[in-house]
Visitor: 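One structure, as C-alpha cells, below. Some questions next.
Lettering of chains follows the sequences in order, A, B, ..., and the numbering in each one begins at 1.
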Number of protein chains: 2
Amino acid sequence: MATGRTHRPATRSRGIPEATVARLPLYLRALTALSERSVPTVSSEELAAAAGVNSAKLRKDFSYLGSYGTRGVGYDVEYLVYQISRELGLTQDWPVVIVGIGNLGAALANYGGFASRGFRVAALIDADPAMAGKPVAGIPVQHSDDLEKIIQDNGVSIGVIATPAGAAQAVCDRLVAAGVTSILNFAPTVLTVPDGVDVRKVDLSIELQILAFHEQRKAGEEAAHSDGTGPAAVTREESDASADQGPDGDVPAVMPA
Amino acid sequence: MATGRTHRPATRSRGIPEATVARLPLYLRALTALSERSVPTVSSEELAAAAGVNSAKLRKDFSYLGSYGTRGVGYDVEYLVYQISRELGLTQDWPVVIVGIGNLGAALANYGGFASRGFRVAALIDADPAMAGKPVAGIPVQHSDDLEKIIQDNGVSIGVIATPAGAAQAVCDRLVAAGVTSILNFAPTVLTVPDGVDVRKVDLSIELQILAFHEQRKAGEEAAHSDGTGPAAVTREESDASADQGPDGDVPAVMPA
DNA sequence: CCATCTTTGTGCACGCGTTCACAAAGACAT
DNA sequence: ATGTCTTTGTGAACGCGTGCACAAAGATGG
C-alpha cells in the first residue's frame with residue numbers, strides 16, 4: 001500500500017477501528033461493481049473474495065456499522081452501498097483544492113473518480129505566475145497568492161499537496177491556517193500539523209523501496225538453494241552507495257524532476 | 001496512508017517486522033537530508049523527530065538491523081545510510097517497467113527520484129498503437145505486444161501498473177507470467193497473484209474517502225457542542241446516494257477519465 | 001583511574017487487529 | 001408448525017506493534 005497515516009494514535013473514532021475505516025472504501029468499490037451488475041444480495045464470503053479480505057474480518061467490520069445483514073441470505077447490496085457511503089461521509093459534497101499543478105497535479109485534476117464519490121475539485125492552485133489562468137482539466141489555475149481566499153470562499157476542508165517537497169510545509173501551514181483540516185500529501189516530506197488536522201501521505205518512492213526489500217529477500221532465498229545469479233542482479237558498487245545518490249527528490253514521488 | 005499491502009500475512013521476513021521495513025525508507029530520507037548537510041552523527045531523538053516517529057520505536061527498528069549506534073553519541077549518519085540502503089536492496093540496480101502511459105504513467109516516467117534510489121525505468125508500455133514510438137520522459141513508448149520480450153530482455157522483476165482498472169488484471173497476469181515478482185498497482189482493482197508475488201497498491205480515491213470519514217466525524221463533533229453549520233456542509237440528498245454515482249472509475253485513482 | 005553524563009538497546013506490559021469457531025437467527029421446504 | 005440448512009454476528013484466543021522505563025555501554029572530564 002502506498003499510504004501511511006501520519007499522526008493519530010489509532011484513535012477508535014466513534015467505535016469504528018481505524019483499520020476498518022481503511023477497508024470500507026474497498027468494500028464500497030466491490031459493492032458498487034455488484035450494484036452495476038444488478039446483483040441484489042451478496043454473502044460475506046463472496047464479497048470478501050471480491051475485496052480480497054478474510055470473510056470473518058469483513059463481517060466484523062460490518063458489525064461495527066450495525067446489523068445490516070440477513071442470516072441465511074447475506075447483505076442487500078444497495079442498502080449496504082448506501083450505509084457505507086453515509087458512514088464514510090460520501091453523501092456530502094466535499095470541495096477539494098489541489099496545490100501544485102505539475103505533472104502529478106494535472107493528473108489528479110483530470111481524475112474522473114472524484115465526482116462520483118462526492119469529491120469536487122473546487123480549485124487548482126500553483127505558485128508559478130505563468131500557470132495562472134491556464135486551464136487544466138477545464139479548471140483555470142489560480143495563483144497561490146489567493147490561496148486563503150479560495151479556501152474560505154469555497155468552504156474547503158480537504159487539501160491535496162502536490163508541490164515540491166521544499167514548498168510542502170509552507171503550503172500546508174497556509175492551508176491549515178485558512179481552515180483546511182484534512183490533507184493528502186504527495187510531497188516526500190514529513191508534514192507537521194496541529195492537533196485536529198489529519199494528514200495522509202502517498203509516496204511512490206517508499207512503495208518501491210518496500211517492494212525492493214522483498215524482492216531482494218526473494219532473490220537471496222532463491223540464490224541460497226540454487227545458484228547465485230539473481231534475476232537482474234547487477235549489483236552496484238557497494239562501498240559508495242550513500243555517496244552517489246543525488247539530493248533527495250525535492251518533488252513529489254510522482255512528479256517530474 | 002495511500003498505501004496498503006495486499007496479501008502477505010505480515011510475515012516477518014528474516015526477522016525484520018513488516019512495520020519496520022515500511023519505516024526504513026522514511027529514516028533513509030531523513031538521513032540523506034542530514035548527510036547532505038554534512039551532519040556526522042545524529043541521536044535517535046533527533047532522527048525520530050525528523051522522521052515523525054517515536055524515538056523508542058526508531059531505536060527498536062534499528063536494533064533489528066544490528067547495533068549500529070554508539071551509546072552516549074548516537075548514530076553515524078553515513079554508515080546508517082549505507083546500512084539501510086543495503087537492507088532495502090537499494091545498492092542494486094532495479095529495472096522497472098511502467099505499463100499504461102496515460103496522465104499518471106507519464107508523471108511516473110518523469111519522476112526524477114527513481115535513479116537516485118537504484119530504480120531505473122527500463123521501458124514504458126502502452127496498449128495504444130498510436131503511442132508506440134512516441135517518447136515520454138525521453139523514453140520511447142513500446143507496444144504491449146512486446147511486453148514479455150521487454151521483461152525478459154531487461155531482466156525486470158518490478159512492474160508498475162497504471163492502466164485502467166479493466167486492463168489491470170490481464171496486464172498483471174502477463175507481467176507475472178513473464179517473470180515479474182513485485183507489482184505496484186495504481187489501478188483501482190484487487191489484483192490476484194500467485195504466491196511469491198508481492199503487490200502493493202496506491203489508491204487516491206481510498207485515501208480521500210478515509211479523510212472524508214474523519215472530516216465528517218470532526219464536523220459532527222463540532223456541531224454537537226456548537227451550532228450545526230459545518231464548514232462546507234452542503235449535504236447532498238441522502239436517499240439516492242448509491243443510485244447517482246457513476247460506474248466505479250475504470251481508470252487508476254489518479255488518471256483522467 | 002574513577003565518576004558522571006549521555007544515549008543506546010531492550011525487557012515488559014498493554015492494546016489493537018486478526019482469525020477461528022460457534023451459537024443465534026432467519027429463510028425455506030414439507 | 002417444525003425441522004433443516006445457510007449465513008450472520010461475535011466471544012475468545014492469539015500475535016504483532018507500540019511505548020515506557022531502565023540497565024548497560026561508552027564518551028568525556030577531572
Visitor: It should be established whether B/N54 places a side-chain nitrogen or oxygen under 4.0 Å from OP1 or OP2 of nucleotide D/dC20.
Guide: yes
Visitor: What I want to check is whether the side chains of B/D61 and B/T20 have a donor and an acceptor closer together than 3.5 Å.
Guide: yes
Visitor: Strictly distance-based, threshold 3.5 Å: is any side-chain N or O of A/Q169 a donor or acceptor partner for the main-chain N or O of A/T192?
Guide: yes
Visitor: Is it the case that the base of C/dG9 and the side chain of B/K60 share a donor-acceptor contact (distance under 3.5 Å, atom types as modelled)?
Guide: no
Visitor: Does a nitrogen or oxygen in the side chain of B/S44 sit under 4.0 Å from OP1 or OP2 of C/dT8?
Guide: yes
Visitor: Quick one: label B/T20 by what it contacts on the DNA or RNA (base, sugar-phosphate, nothing), any heavy atom closer than 4.0 Å.
Guide: nothing
Visitor: Does one side chain, of A/E36 or A/T32, offer a donor that lies under 3.5 Å from an acceptor on the other?
Guide: no
Visitor: Do the non-hydrogen side-chain atoms of A/V39 and A/E46 ever get within less than 4.5 Å of each other?
Guide: no
Visitor: Hey, which of these two, A/V73 or A/A56, hits DNA chain C nearer its 5' end, going by closest nucleotide?
Guide: A/A56
Visitor: From the options C/dT18, C/dT10, D/dT8, select the nucleotide whose nearest atom is closest to the side chain of B/R59.
Guide: C/dT10
Visitor: Ignoring hydrogens and geometry, is there a side-chain-to-backbone donor-acceptor pair from A/E87 to A/Q83 under 3.5 Å?
Guide: no
Visitor: Go through D/dT10, C/dT18, C/dG9 for me and flag the one nearest to the A/S63 side chain.
Guide: D/dT10
Visitor: Hey, does A/F62 reach any base, or is it just sugar-phosphate, or nothing, if we go heavy atoms under 4.0 Å?
Guide: nothing
Visitor: Are B/Y64 and D/dG17 close enough that a side-chain N or O sits under 4.0 Å from OP1 or OP2?
Guide: no
Visitor: Please report, rounded to the nearest Å, how far the P atom of C/dG17 is from the CG atom of A/D61.
Guide: 10 Å
Visitor: Does C/dT18 have OP1 or OP2 under 4.0 Å away from a side-chain N or O of A/R23?
Guide: yes
Visitor: Please pick, from D/dG19, D/dA27, D/dG17, the nucleotide with the shortest atom-to-atom distance to any side-chain atom of B/K57.
Guide: D/dG19
Visitor: Between the base of D/dT7 and the side chain of A/R71, is one N or O donor paired with an acceptor at under 3.5 angstrom?
Guide: no
Visitor: Rounding to an integer number of Å, can you tell me how far A/E18 CD sits from C/dC16 C1'?
Guide: 12 Å
Visitor: Measure from CD on B/E46 to P on C/dT6 and round the result to the nearest Å.
Guide: 14 Å
Visitor: To the nearest Å, how far apart are A/E45 CD and C/dT19 P?
Guide: 13 Å
Visitor: Quick one: A/L65 CG to D/dT10 P, roughly how many Å, whole number?
Guide: 12 Å
Visitor: Rounded off to whole Å, could you give me the CG-to-C1' distance for the B/D76 and C/dT8 pair?
Guide: 15 Å
